[in-house]
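What follows is a short report on a single structure.
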Amino acid sequence: MKKHLSSAPSIRVRRRRGNAPSERKTAIAAILAICAGIIAVSAALCCKAGFPACSAQRTPPPQNTFVPTSASLTTTTPGPTSAALPTATPLPTATPAPYTFVSVSVSDAAKGQLALVNFEHDFPAADSTEVVPVTAAGSLLTARNDLSLAQPALSALSALAEAFSEQTGGDRLLLTSAYRTLEYQQGVYDDYVAAYGQAAADAYVAAPGTSEHHTGLAAT
């Protein structure tokens with residue numbers, strides 16, 4: 001007995017495969033996302049560690065920074081040398097000379113307010129100098145009551161004492177020695193010889209006739 005196979009058409013079933021292109025794109029996107037994350041983490045670690053490159057990126061630009069434009073940029077041609085020229089030092093302002101220079105003859109060297117008196121040039125008129133008593137007044141004090149000076153010297157000393165008091169807030173000058181006669185200077189010299197010896201007296205005390213105090217223009 002023969003079996004007859006059915007002549008009905010056969011049905012083939014195909015298994016549906018996944019969408020390969022879409023899955024590939026998804027995988028690539030995931031990899032890129034992972035890479036981006038790794039880069040971000042690395043950058044954060046660099047900034048935290050204080051690397052210069054990262055710090056420069058994090059530092060905000062200064063305010064009011066001038067950004068040159070093409071209109072403000074100029075091209076200059078360098079000179080024959082690039083060395084900087086030295087800066088000239090300004091000259092000080094000229095001030096009036098504190099002294100007036102005069103020329104006198106040898107015979108007149110011991111005369112007037114410009115008398116030259118020292119151990120080589122004596123003062124013959126020691127006992128005939130015109131002087132006035134010095135009285136303590138204002139900012140000028142005196143150590144003794146018998147002090148005297150030539151009038152020009154006393155006027156200048158009084159003005160000096162007032163200016164000194166004004167500049168120092170009330171301090172005053174004390175006059176201890178002024179005009180000396182030949183007799184007085186001899187006593188000063190002898191006292192120094194008795195205390196320290198002849199050599200010391202010759203070195204530090206003017207002999208009678210050679211002291212500037214004879215002129216009435218010297219004050220101590």
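- Here Y196 pairs with Y192 under the ring pair (Phe, Tyr, Trp, His ring centres under 6.0 Å) rule; sequence neighbours left out.
- Scanning both residues, G112 and L217, for their nearest heavy atoms gives O-CD1, 4.2 Å.
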Inset, instruction - Report the C-alpha separation of L149 and V131 in whole Å, then their side-chain angles, then the decisive distance to 0.1 Å, and conclude whether the side chain to side chain contact (heavy atoms under 4.5 Å, CB included) test is met. - result: CA-CA 5 Å; L149 284 172; V131 294; 5.8 Å; no
Scan the side chains in residues 169-178 for donor-acceptor partners under 3.5 Å anywhere in the protein, sequence neighbours excluded, and list what turns up.
from	atom 1	to	atom 2	distance (Å)
T176	OG1	T220	O	3.0
S177	OG	R180	NE	3.1
S177	OG	R180	NH2	2.9

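- We find the OG-CZ distance between S211 and F119 to be 14.0 Å, quoted to the nearest 0.5 Å.
- For the atom pair E183 CD and D127 CG, the distance stands at 8.5 Å (nearest 0.5 Å).
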Inset, instruction - Show the numbers, then the answer: is there a side chain to side chain contact (heavy atoms under 4.5 Å, CB included) between D202 and Q198? - result: CA-CA 6 Å; D202 291 339; Q198 183 73 45; 3.2 Å; yes
Name the atoms and distances for all side-chain donor-acceptor pairs under 3.5 Å in residues 154-161, with sequence neighbours left out.
from	atom 1	to	atom 2	distance (Å)
S155	OG	Q151	O	3.1
S155	OG	Q151	NE2	3.1
S158	OG	L154	O	2.9

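- Residue E162 places its CD atom among more than 12 non-hydrogen atoms of other residues, nucleotides or ligands, all under 6.0 Å distant.
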Inset, instruction - Starting from the C-alpha separation in whole Å, work towards a yes-or-no answer on side chain to side chain contact (heavy atoms under 4.5 Å, CB included) for L140 and V134. - result: CA-CA 9 Å; L140 180 62; V134 178; 4.2 Å; yes
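- Counting only heavy atoms from C-beta outward, the side chains of T142 and T135 never approach each other to under 4.5 Å.
- Put simply, the side chain of D122 never gets that close to the backbone of P124: no donor and acceptor are under 3.5 Å apart.
- The OG1 atom of T210 sits 11.0 Å away from atom CD of E120, with the distance rounded to the nearest 0.5 Å.
- Contact between Y189 and A206 at its shortest, heavy atoms only, is CD1-O, 4.2 Å.
- Between the CG atom of N118 and the CD atom of E212 there is a distance of 7.5 Å, given to the nearest 0.5 Å.
- Judged as a side-chain contact (heavy atoms from CB on, under 4.5 Å), and not counting sequence neighbours, the contacts of L114 are V102.
- Residue L182 comes nearest to H214 through the heavy atom pair CD2-NE2, 3.8 Å, listed as atom of the first residue, atom of the second, then distance.
- Residues passing the side-chain contact (heavy atoms from CB on, under 4.5 Å) test with S165 are S139, sequence neighbours excluded.
- Of the possible polar contacts, one joining the T129 side chain to the A125 backbone as a donor-acceptor pair under 3.5 Å is found.
- Using modelled atom types, one finds no donor on one side chain facing an acceptor on the other under 3.5 Å when comparing D146 with Y179.
- Shown here are the salt bridge (charged side-chain N to carboxylate O under 4.0 Å, His left out) partners of D108, two or more places apart in sequence or in another chain: K111.
- Under a hydrophobic clustering in which Ile, Leu, Val, Met, Phe, Trp and Tyr are joined whenever their side-chain heavy atoms come within less than 4.5 Å, directly or via other members, L141 and L147 fall into different clusters.
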